[in-house]
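Notes follow once the structure below has been shown.
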Amino acid sequence: MKKIFSLLLVCMLLFLTACNQAPQGETTGNLQNQEQTKDTERKETIVQNGSNEFIVLPSRILFDHSVTSGQLPTKYVFYYSKADGKAYVYCFDPLCDHSMGKCLGQPIDLAQYGFLKMNDIFFINNRFYGATTSGNIVSFAFDGSDVKMEYTGYEPISNIRPWSSNFTAYGPYIYIRMVADESGNPHTLRFNTETKEMEDLTEKTGNYIDPYFFYNGEIYGSDSNLLWIKTDLDLKEKTSIEAPMYSSRFYGSVFFANATDSETKQSIGLHAYDMKTGELKLITHEMLGLEANPYVIVAVDENYVYFYQSKKIFVGQRESHWGLKNVYKSSDGKLYRVKHDGTECVCIYDNPEFDFDSLEAVVFENKMIIRGYYVANRNGFAEFWDSQIKIGAMGEDGKIEKFENIELVY
């Protein structure tokens, strides 16, 4: 009987492992989603990271999401598999409980390393690297295991947070802003993931920059007086510049953003700013055929800009600890896409009970992944339901009939 039980246990483990096999190495050229590529592929292309909700790889898409396990929600890092359309905890050990920093599945639990957030994780040379404000850098193998302390400046007694949370990466480097030295001055640090060397570039050159983005082998950001400058990657030379019209949504050398009137601060449409030519193109509300509301751009691909309009819409009231509370939606449930030149603006999704819970989406193949939930007035009160990370399929006309919950496996 013991032999039969042992055989069944082995078969179960093999089945579980097969269902969630450790991935093989892969690389990607999607610079907006944190993978760092060769210098020739970065030429005249904007590189910006450190604030992403997703890390996009060729076969999978990483994101974090809270699930209710027992009475308390637990946040895991999941990966959406493009092969089967399901999302799995990023761990390939069927016996792992994902606690105490054993794997990438729950990096927030890396108590010995400091608080690690999803948007502080970078994928460099087929390995994940994460930085914390406690002054540590850790790394994981591609399968989410093999946790290594790459660099430590952590002092558990002092409660000091020596690093700012605006980490960025370019090529093999992670750029870090040290909050202040002994004299109270900020420094720019750079960690080389290949040599494991930490450099104080400010100490070497006397220059400092808070990096915002990279373009054509140069760093764009602000100096200690919050004035715009650009430098080379080693900070040897710096140049004062006019503030570029940059944003967190871009494709190639072009930034896309909501455009506002400098005096009224009201939205006047979308603008597209090309770093290569310096051209600023305004796409007005009239060109889009839409009302004058601010735009939230969630994704940009090779052909289109995807966005919704920010609107404060009263839904109703709901009970709270302080009595009845007014509930508002932040959009009308409509999602649009428009070509880069401002033509062919169409509504691709329309559900008045849907609200977007995300400033970012991922578009791949004919699909879109985005966070959202439903809210509506039911029986005289505002109700929320089905808050989840969702996926929608686009038809030949680009329209999405419905967003469905991604199946989570954990």
Handout entry: Audit row: E404, K390, salt bridge (Lys or Arg N to Asp or Glu O under 4.0 Å) steps and yes/no
Key = CA-CA 5 Å; E404 297 180 318; K390 301 179 183 296; over 6 Å; no
Say whether [X] and [Y], considering side chains only, have a donor N or O and an acceptor N or O under 3.5 Å apart.
X    : Y    : result
K102 : S99  : yes
D355 : Y373 : yes
E53  : S358 : yes
E194 : N125 : yes
N216 : E44  : no
S139 : E150 : yes
S134 : N136 : no
H340 : E302 : no

Are any of the side-chain nitrogens in [X] or [Y] under 4.0 Å away from the carboxylate oxygens of its partner?
X    : Y    : result
R378 : E353 : yes
K311 : E291 : yes
R371 : D64  : yes
E383 : R318 : no

So do [Y] and [X] actually touch side chain to side chain, heavy atoms under 4.5 Å?
X    : Y    : answer
Y295 : S267 : yes
V67  : Y410 : yes
F167 : F122 : yes
V77  : M118 : yes
V300 : F250 : no

Determine whether the aromatic ring centres of [X] and [Y] lie less than 6.0 Å apart.
X    : Y    : answer
Y215 : F213 : no
Y90  : H98  : no
F142 : F123 : yes
F214 : Y212 : no
F354 : F403 : yes

Handout entry: R127 vs D146, salt bridge (Lys or Arg N to Asp or Glu O under 4.0 Å): CA-CA, chis, key distance, verdict
Key = CA-CA 10 Å; R127 192 170 177 88; D146 187 29; 3.3 Å; yes
Practice task
Output, in order, the C-alpha distance, side-chain angles, deciding distance and verdict of salt bridge (Lys or Arg N to Asp or Glu O under 4.0 Å) for R190 and D234.
Solution key: CA-CA 9 Å; R190 184 175 69 181; D234 299 320; 2.9 Å; yes
Practice task
Evaluate the ring-ring contact (aromatic ring centres under 6.0 Å, His included) criterion for residues Y336 and F307: first the C-alpha distance (whole Å), next the side-chain angles of each, then the deciding distance (0.1 Å), finally the verdict.
Solution key: CA-CA 5 Å; Y336 300 86; F307 64 92; 5.5 Å; yes
Exercise for the section: Identify whether NZ of Lys or CZ of Arg in R60 sits under 6.0 Å from the centre of the six-membered ring of Y79 and within 45° of that ring's axis. Expected result: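 Here R60 passes the 6.0 Å and 45° test against Y79.
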Problem - side chain to side chain contact (heavy atoms under 4.5 Å, CB included) partner of Y175, the single match among N166, L233, D210 - result: L233
Problem - Verdict with reasoning, E344 to R337, per salt bridge (Lys or Arg N to Asp or Glu O under 4.0 Å) - result: CA-CA 8 Å; E344 298 184 21; R337 81 175 189 186; over 6 Å; no
